[in-house]
Amino acid sequence: MSSCLSPSEIITLTTDFGTSDLYVGVMKGVILNINPRAQIVDITHAIPPQDLNAAAFLIDSAYRYFPPGTVHVVVVDPGVGSERHPIACQTETAFFVCPDNGILTRILRDASHTSAVTIENPDYCLPRISNTFHGRDIFAPVAAHLSRGVPIEDLGTPVATPVRLPIPTPHVTEEAITGHVIWIDHFGNLITNISHELLKSIEGQNGFVIQVGGVAINRLNHSYAESAVGEVLAIIGSFGRLEISINQGNAALTLGVKRNDSITIRPA
Amino acid sequence: MSSCLSPSEIITLTTDFGTSDLYVGVMKGVILNINPRAQIVDITHAIPPQDLNAAAFLIDSAYRYFPPGTVHVVVVDPGVGSERHPIACQTETAFFVCPDNGILTRILRDASHTSAVTIENPDYCLPRISNTFHGRDIFAPVAAHLSRGVPIEDLGTPVATPVRLPIPTPHVTEEAITGHVIWIDHFGNLITNISHELLKSIEGQNGFVIQVGGVAINRLNHSYAESAVGEVLAIIGSFGRLEISINQGNAALTLGVKRNDSITIRPA
Amino acid sequence: MSSCLSPSEIITLTTDFGTSDLYVGVMKGVILNINPRAQIVDITHAIPPQDLNAAAFLIDSAYRYFPPGTVHVVVVDPGVGSERHPIACQTETAFFVCPDNGILTRILRDASHTSAVTIENPDYCLPRISNTFHGRDIFAPVAAHLSRGVPIEDLGTPVATPVRLPIPTPHVTEEAITGHVIWIDHFGNLITNISHELLKSIEGQNGFVIQVGGVAINRLNHSYAESAVGEVLAIIGSFGRLEISINQGNAALTLGVKRNDSITIRPA
């Protein structure tokens with residue numbers, strides 16, 4: 001059922017493990033034991049602990065930039081050791097290995113021809129499986145085996161409907177669009193769930209007014225540097241979404257805005 | 001004298017250097033200059049500065065998961081530039097390159113057939129050796145040469161007894177086991193020096209009572225999710241040790257427990 | 001025009017992106033899509049946001065330790081999307097890809113036979129170029145193409161004079177040298193712009209007195225361990241510069257010294 005996607009021997013890791021412990025290093029050791037030729041790339045290990053929505057957003061935004069056949073390991077796993085299942089999933093362009101807890105929600109929404117299995121075959125896991133670290137015992141070894149060409153069908157039985165999370169979508173009326181800040185990056189940029197297309201749809205004769213964190217913005221920058229240093233600005237960011245920034249500053253800190261806070265746009 | 005362990009061309013790095021400077025990157029440059037085929041894996045660079053006990057614990061827990069013949073570089077080195085010696089050590093399964101300051105204590109305790117040498121041969125170091133950065137000048141180049149098959153005997157003269165640190169072991173009586181928190185991970189889990197076997201040995205008719213940070217716990221979880229969100233729990237962690245956690249919370253912060261704090265278990 | 005430097009297939013990354021987002025991982029995906037054999041090494045992603053002087057200092061100190069032909073990507077880019085140009089530069093030993101904003105100031109000052117071009121050829125960039133993330137859209141793909149042997153002449157037209165920043169140099173009189181703290185590392189060591197040679201030039205009959213952060217130091221250590229734990233000391237650090245440290249302590253925190261603060265040396 002799955003298409004004949006060839007693995008690339010690139011394996012990415014996205015977790016909430018941080019980098020101060022041995023957890024990530026140990027996962028890499030397990031992978032290299034099984035596939036010494038694997039190229040392992042960290043996407044991030046700074047997902048806020050147990051934050052499935054953040055993980056779902058980041059892996060969906062990142063995976064498209066990797067070569068076809070890359071195996072993406074995503075471990076944010078508050079249910080580790082409980083009845084939630086470990087799964088492997090294959091789309092037309094990539095493999096994913098993760099707990100079945102909604103992490104793949106955005107990817108499954110957009111990808112066609114996906115197949116997923118519950119990981120059940122102990123041949124592809126470590127001999128002893130702990131109840132607290134499936135990243136090491138299940139996800140890393142399964143990813144390494146996938147990167148060597150093991151078909152996902154060999155891992156276990158098909159899952160018809162992997163768990164999905166509700167994805168926050170903007171509320172749209174004729175008078176206003178109300179979206180949300182879905183990520184705040186290292187620079188303090190506020191990344192929203194409002195696409196460039198949606199923003200353009202609400203423009204009035206005099207453009208629009210964006211309201212967020214107590215300020216109003218009525219134009220869209222082409223670059224940060226168009227605004228004075230320290231000025232709040234709106235820009236279409238690198239993933240096609242409306243972002244609120246401060247030129248050479250930190251918008252989140254300055255405006256006191258947090259993830260999930262709302263942002264409203266009205267025609268002007 | 002050393003067995004014929006073949007190097008794997010994988011080199012791991014464990015340091016207290018952090019990742020905000022150029023130190024780790026420069027070590028990788030030095031390694032790749034000598035062995036362009038080396039695969040370099042960061043275990044962690046977040047050992048608390050000068051904390052030899054933490055380094056000894058982490059490398060001992062991590063190295064077993066890497067392929068045989070991996071070269072592990074461990075640099076926590078308050079005595080850099082003084083009379084402490086740089087050493088290379090070989091066990092049946094791995095190579096280690098580090099200062100002779102006790103970092104290998106746990107590994108040497110458990111490994112059989114180890115051999116160690118003082119690094120003296122300038123052919124395997126950088127031409128100029130600073131007094132503050134032997135990670136770059138000695139440990140990285142030696143590791144790279146080992147990964148290419150240089151035998152440790154060529155590095156210098158044998159060391160009969162590398163420096164060892166006292167390892168904190170639990171105090172055990174018939175009435176109680178008193179152990180310690182030996183590591184606090186990124187999630188705030190308290191990792192103790194009490195093994196699953198030791199815990200079982202003190203069970204009374206009604207099990208046991210664990211006391212730590214002002215709370216008492218009288219059962220062992222199979223998974224985090226067995227407890228309500230926010231509840232303090234005890235579980236056997238991924239390295240076979242008793243750990244104290246909070247389901248989807250941070251036990252260290254909530255309980256105010258620090259590394260080296262004690263934990264007591266009594267039969268119930 | 002450029003010499004026949006062969007690329008090493010090693011690509012380093014130095015940015016102010018942090019590691020909590022997907023930015024660095026996505027750059028690596030873009031590189032591996034173009035050159036699956038590339039070895040990617042992080043130098044650091046913890047340059048303070050928009051701090052060109054810090055980036056210029058770190059890349060200059062680090063790049064010499066990498067194999068000849070390494071491609072160094074340096075992205076600290078407050079002008080992204082504005083009229084500043086993306087450039088590629090080749091010295092006798094290395095390639096650099098970065099915005100033309102002064103990041104290469106120190107390297108261009110010291111290197112001979114450099115050539116630089118403005119990156120204009122869309123064949124070596126991603127098809128769609130955002131206004132906020134040239135690391136992904138321009139610098140990563142260009143670096144990957146350079147690592148595969150594309151000559152820099154193919155990227156665009158020559159730049160005669162890349163932008164240069166003023167480099168802070170010590171003020172020297174017969175009575176005193178006044179230098180600056182140009183970097184504070186993870187351990188709190190104060191790295192100055194005073195070379196060992198300059199320090200020696202001001203020695204009087206009784207040596208010298210270093211004044212920084214309210215303390216006076218009148219000797220140079222050979223190692224940290226020569227001083228008592230907690231003692232402030234002066235030492236020639238691993239890059240040949242005068243550094244102020246505290247044995248097993250944090251000089252920056254203890255002395256309240258910040259980057260760019262001055263340090264004065266007088267003969268004694």
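Convention: sequence-line order gives letters A, B, ...; per-chain numbering from 1.
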Heavy-atom closest contact (V181(A) atom, K258(A) atom, distance):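 Between these two residues, the closest heavy atoms are CB-O, 4.0 Å.
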
With only heavy atoms counted, which part of [X] is less than 4.5 Å from chain B, the side chain, the backbone, both or neither?
| X | answer |
| --- | --- |
| F17(A) | both |
| A38(A) | backbone |
| R136(A) | side chain |

Counting N and O atoms only, with roles assigned by atom type, does the side chain of [X] sit under 3.5 Å from a partner on the main chain of [Y], one being a donor and the other an acceptor?
| X | Y | answer |
| --- | --- | --- |
| N101(A) | G79(A) | no |
| E9(B) | R37(B) | no |
| D16(B) | V76(B) | no |
| N193(A) | G179(A) | no |
| T44(B) | T19(A) | yes |
| D100(A) | H85(A) | no |

Give, as side chain, backbone, both or neither, the part of [X] having an atom under 4.5 angstrom from any heavy atom of chain A.
| X | answer |
| --- | --- |
| S61(B) | both |
| Q39(B) | side chain |
| I184(B) | backbone |

Out of [options], which one racks up the most heavy-atom pairs below 4.5 Å with chain A?
| options | result |
| --- | --- |
| A46(B), S238(B), S245(B) | S238(B) |
| F239(B), Y224(B), F187(B), Y63(B) | F187(B) |
| P67(B), A62(B), A54(B), S8(B) | P67(B) |
| I235(B), N189(B), I59(B), D185(B) | D185(B) |

Residue among V30(A), I31(A), L32(A) with most heavy-atom pairs under 4.5 Å to chain B: L32(A)

Among N131(A), V24(A), I40(A), residue most engaged with chain B (heavy-atom pairs, under 4.5 Å): N131(A)

Nearest-0.5 Å distance that lies between atom CD1 in I11(A) and atom CG in D42(A):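 Those atoms lie 12.0 Å apart.
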
